[in-house]
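Report on the following structure.
None of these values were measured; they are calculated from a predicted model.
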Amino acid sequence: MSTAAPLTNTQLSGLARKLVQDGLLDEATAQQACDEAERDKTPLVSHLVENGILSSTVIANAASQEFGIPLFDIDAMDLEQCAHDLVDEKLICKHSALPLYKRGNRLYVAVSDPTNLQALDEIKFHAGANAEPILVEDDKLKKVIEKIMEENDTAMEGLGDADLDDLDISGGDESDRDDVSEPDIDDTPIVRFVNKVLLDAINKGASDLHFEPFENEYRIRFRMDGILKEMFSPPVTLSNKMAARIKVMSQLDISERRVPQDGRMKMRLSKNRSIDFRVSTCPTLFGEKIVMRILDSASAKLGIDALGYEEDQKQLYLEALHKPYGMILVTGPTGSGKTVSLYTGLNILNTEDRNISTAEDPAEINLPGVNQVNVNPKAGLTFAKALKAFLRQDPDIIMVGEIRDKETGDIAIKAAQTGHMVLSTLHTNDAPQTLTRMVNMGIAPFNIASAVTLIIAQRLGRRLCTHCKEPIELPPEALLKEGFLENELDGLTIFRAVGCDQCNDGYKGRVGIYQVMPVSEEMGRIIMAGGNSMELADQAAKEGICNLHQSGLKKVKQGILSLEELNRVITE
């Protein structure tokens, strides 16, 4: 038994106070952990366990004694009997609190921190029952929640043909439906097949679907982890019927095959989860090519820790987000994850006391609490006009999908200089080039230097499969040529992709590679003096800012990326 330590810091309370009294933590460590957990918006227990400060078992035993709550081994629970469907999945993930079973008006909820009263109150409100905490070890609880979420996501894989007919699919904007006449298409095999293709794409984690007609074949490809792969090859005679079915689902004009069309559709997988698709058609020599982008709102709520930022990069982004004004720019090619980075930031800022407005072309992710506007140049609603309207609506935070011209850039800069936080994107290769690109647009260098606070350049690389990756030996000369330093070679292990039944050619999922560059006073002077991107890059290096390749090498050292994949996505 450890002796209780006298407390001098009256700020500590709840579980942290108990851990100090039991001699498991000293006051300074406990206070630092509380401050860091609050800053990162993570539960204290999770922070202590994830950072290796205390084990989940030690914390659970201390909490059980302090609060008189029984400690339960959740591994013994039959998950099929679990009452997790009584509350929204988002609530379970947000608080790491899992409803186990209901008795009368009492809902027993597994938690790792019984002092998290907000979680119990929200679950009580949503479930309509009194929430009673049951103490569970933090790491075990998280594994069970992850398993339940995975099972929910793959629940559609076992659908039979009869189920495929009954999927709840709706398309287009409500305001557009009066103008679209749905023809009499009653082709059940086509309906079933298209539904199966969409479900397979969701279950395989695809980001885009390509339906491509050619003279003698019809090809359906999925983009998985950034790489296109052929998945189906139906008869070419079905080309027009497939196109007609998808256009009906998306509320597009099926009689118009001569010009491109854009639409949307929504597939409801369960009462708690739906997936949006953005649909684009384009006439080709042998029919209409259709590309569908899968838009999953859950991707914006992964949390900043899931995106792959290094710890120092994450702190720079969070510090910039919490400034009262300024401009944050995210740059990179199409498909590099810029939207998810921006929406992750918006999700952090999305609180009741802030007015957030976005102008996008189009809005890809639906984020409740944020006022989202689709720009429509044909109707005269450009990015610039949307921005002007936002500034008359008492905004706190503004997000512009992309700065494409001088007018939009000038208005966004002015907003950032007058007490607003502005987030936007540009298409440039790295962070230093972003500043010179804005100068080339005609935006005054002084305004750029005074308004832009942070630039994030990013790419997405395929993450090595943890089940089958294997180490590879490379000569020191090759490693030095790749960019590693001499003092990094000792104990360095490089992994390569192999391939197994749990991944795609040795890769599973993607991870971000980032260059996070605050705009310092010296960089501002270089911009105002007419400096080029090379001078800015040299200054960034002097200030210790890693470029994209250097950031990628860190992930190679961590066993997350292969050198082959790093060189595929980043060319210097």
Check your understanding: Is there side-chain contact between Leu479 and Ile494, with heavy atoms separated by less than 4.5 Å?
Key -> yes
**Study point:** Expected output: side-chain Asn203 to main-chain Leu199 donor-acceptor under 3.5 Å
**Key:** yes
Exercise for review: Can you spot which of Glu473, Glu564, Glu470 makes a salt bridge (Lys or Arg N to Asp or Glu O under 4.0 Å) with Arg496?
Suggested key: Glu470
Point to revise | Criterion side-chain contact (heavy atoms from CB on, under 4.5 Å) on Asp276 and Met267, from CA distance to verdict | key: CA-CA 6 Å; Asp276 290 323; Met267 175 182 286; over 6 Å; no
Review point. Closest heavy-atom contact between Val422 and Ala412?
Key: CG2-O, 3.8 Å
Exercise for review: Specify the closest pair of heavy atoms between Thr493 and Pro471, including all atoms of both residues, with the distance to one decimal.
Suggested key: CG2-CB, 3.8 Å
**Study point:** Whether Thr281 side chain and Gln261 backbone form a donor-acceptor pair below 3.5 Å
**Key:** yes
Practice item. Answer whether the closest heavy-atom distance between the side chains of Phe390 and Thr358 falls below 4.5 Å. Key: no
Check your understanding: For the residue pair Gly332 and Arg459, what are the closest heavy atoms and their distance?
Key -> CA-NH1, 3.9 Å
Revision key, fill the gap. Rounded to the nearest 0.5 angstrom, the CG-CG distance for Leu316 and Leu454 is 6.5 Å
Point to revise | Heavy-atom pair with the smallest gap, counting every atom of Lys554 and Cys546 | key: NZ-SG, 3.5 Å
Point to revise | Heavy-atom donor-acceptor pair, His549 side chain to Glu482 backbone, under 3.5 Å | key: yes
Point to revise | Gln372 side-chain N/O to Ala363 backbone N/O, donor-acceptor pair under 3.5 Å | key: no
**Study point:** Donor-acceptor contact below 3.5 Å, side chain Asn350 vs main chain Leu346
**Key:** no
Point to revise | Full working for side-chain contact (heavy atoms from CB on, under 4.5 Å) between Met265 and Gln251 | key: CA-CA 8 Å; Met265 55 170 276; Gln251 295 290 335; over 6 Å; no
Practice item. Let me see the working for Tyr218 and Phe232 under ring pair (Phe, Tyr, Trp, His ring centres under 6.0 Å), right down to the final yes or no. Key: CA-CA 8 Å; Tyr218 190 81; Phe232 299 95; over 10 Å; no
Check your understanding: Between the side chain of Asn429 and the main-chain N/O of Ala457, is any donor-acceptor distance below 3.5 Å?
Key -> no
Review point. Would you call Lys143 and Asp139 a salt bridge, using N to O less than 4.0 angstrom?
Key: no
Practice item. In sequence, state the C-alpha distance, the side-chain angles, and the governing distance for Ile403 and Thr425, and then conclude on side-chain contact (heavy atoms from CB on, under 4.5 Å). Key: CA-CA 6 Å; Ile403 295 177; Thr425 70; over 6 Å; no
Check your understanding: Among side-chain atoms of Lys142 and Ser46, is any donor-acceptor pair under 3.5 angstrom?
Key -> yes
Practice item. May I ask you to test the Arg257-Pro283 pair for a side-chain heavy-atom distance under 4.5 Å? Key: no
Exercise for review: Enter the distance from Leu423:CG to Ile398:CD1 here, rounded to the nearest 0.5 Å.
Suggested key: 10.0 Å
Exercise for review: Check whether more than 12 heavy atoms from other residues, nucleotides or ligands sit under 6.0 Å from atom CZ of Arg293, and answer yes or no.
Suggested key: yes
Review point. With no hydrogens and no angle check, is any side-chain donor or acceptor of Gln515 less than 3.5 Å from a backbone partner on Ile456?
Key: no
Exercise for review: Answer yes or no: does atom CD of Gln558 have more than 12 heavy-atom neighbours from other residues, nucleotides or ligands under 6.0 Å?
Suggested key: yes
**Study point:** Flag, side chain of Ser336 to backbone of Pro333, donor-acceptor distance under 3.5 Å
**Key:** yes
Review point. Are Tyr317 and Tyr514 close enough that their ring centers fall under 6.0 Å?
Key: no
Practice item. Determine, stepwise, if the pair Asp208 / Arg278 fulfils salt bridge (Lys or Arg N to Asp or Glu O under 4.0 Å). Key: CA-CA 9 Å; Asp208 302 85; Arg278 191 177 74 201; over 6 Å; no
Revision key, fill the gap. Of Thr434, Asp430, Val330, Val516, the one forming a side-chain contact (heavy atoms from CB on, under 4.5 Å) with Ile455 is Thr434
Exercise for review: Could you tell me which non-hydrogen atom of Ala110 sits nearest to which non-hydrogen atom of Val136, and how far apart they are?
Suggested key: CB-CG2, 3.6 Å
Exercise for review: Answer yes or no on whether Lys314 is positioned over the face of Tyr309, meaning its NZ or CZ is under 6.0 Å from the six-membered ring centre and within 45° of the axis.
Suggested key: no
**Study point:** Which residues share a ring-ring contact (aromatic ring centres under 6.0 Å, His included) with Phe286, sequence neighbours left out
**Key:** none
Point to revise | Polar side-chain atom of Glu256 near backbone of Arg258 as donor-acceptor pair, under 3.5 Å | key: yes
**Study point:** Residue pair Val197 / Met292, side-chain heavy-atom distance below 4.5 Å
**Key:** no
**Study point:** Any side-chain heavy-atom pair of Met438 and Leu329 under 4.5 Å
**Key:** yes
Review point. Step by step, would you call Ser341 with Gln458 a side chain to side chain donor-acceptor pair (under 3.5 Å)?
Key: CA-CA 9 Å; Ser341 279; Gln458 67 180 77; 2.8 Å; yes
Study note, to complete from the structure: In this structure, CZ of Arg437 is separated from OG1 of Thr331 (nearest 0.5 Å) by 8.5 Å
Point to revise | Residues Thr408, Asp405; criterion side chain to side chain donor-acceptor pair (under 3.5 Å); working and verdict | key: CA-CA 6 Å; Thr408 306; Asp405 52 57; 2.8 Å; yes
Exercise for review: Under the side chain to side chain donor-acceptor pair (under 3.5 Å) rule, what do Thr339 and Glu360 come out as? Steps first, then yes or no, please.
Suggested key: CA-CA 10 Å; Thr339 301; Glu360 301 164 80; over 6 Å; no
Check your understanding: Is it true that atom NZ of Lys555 has more than 12 heavy atoms of other residues, nucleotides or ligands lying nearer than 6.0 Å?
Key -> yes
Exercise for review: State, without any angle test, whether Tyr507 and Ser562 hold a side-chain donor-acceptor pair at a distance under 3.5 Å.
Suggested key: yes
**Study point:** Shortest non-hydrogen contact between Thr284 and Pro213, atoms and distance
**Key:** OG1-CG, 4.0 Å
Review point. Going through the checks in order, is the side-chain contact (heavy atoms from CB on, under 4.5 Å) test met by Val400 and Leu387?
Key: CA-CA 8 Å; Val400 189; Leu387 265 175; 3.7 Å; yes
Practice item. Would you indicate whether the side-chain heavy atoms of Cys503 and Cys468 approach each other to under 4.5 Å? Key: yes
Check your understanding: Taking C-beta and beyond as the side chain, do Val370 and Tyr343 meet within less than 4.5 Å on heavy atoms?
Key -> no
**Study point:** Backbone of Phe277 reached by a side-chain donor or acceptor of Lys266 within 3.5 Å
**Key:** no
**Study point:** Under-4.0 Å salt bridge between Lys338 and Glu402
**Key:** no
Practice item. Determine whether Arg264 and Ser250 make a side-chain contact, defined as any pair of heavy atoms from C-beta on separated by less than 4.5 Å. Key: no
Without placing hydrogens or testing angles, list every side-chain donor-acceptor pair under 3.5 Å for residues 219-229, not counting sequence neighbours.
{"from": "Arg219", "atom 1": "NE", "to": "Glu212", "atom 2": "OE1", "distance (Å)": "2.9"}
{"from": "Arg219", "atom 1": "NH2", "to": "Glu212", "atom 2": "OE1", "distance (Å)": "3.1"}
{"from": "Arg221", "atom 1": "NE", "to": "Glu212", "atom 2": "OE1", "distance (Å)": "2.9"}
{"from": "Arg221", "atom 1": "NH2", "to": "Glu212", "atom 2": "OE1", "distance (Å)": "3.4"}
{"from": "Arg221", "atom 1": "NH2", "to": "Glu212", "atom 2": "OE2", "distance (Å)": "2.8"}
{"from": "Arg223", "atom 1": "NH1", "to": "Gly226", "atom 2": "O", "distance (Å)": "2.9"}
{"from": "Asp225", "atom 1": "OD1", "to": "Gly509", "atom 2": "N", "distance (Å)": "3.3"}
{"from": "Asp225", "atom 1": "OD2", "to": "Gly509", "atom 2": "N", "distance (Å)": "3.3"}

Practice item. Calculate, to the nearest 0.5 Å, the distance between atoms CG and CD belonging to Asp138 and Glu50 respectively. Key: 7.0 Å
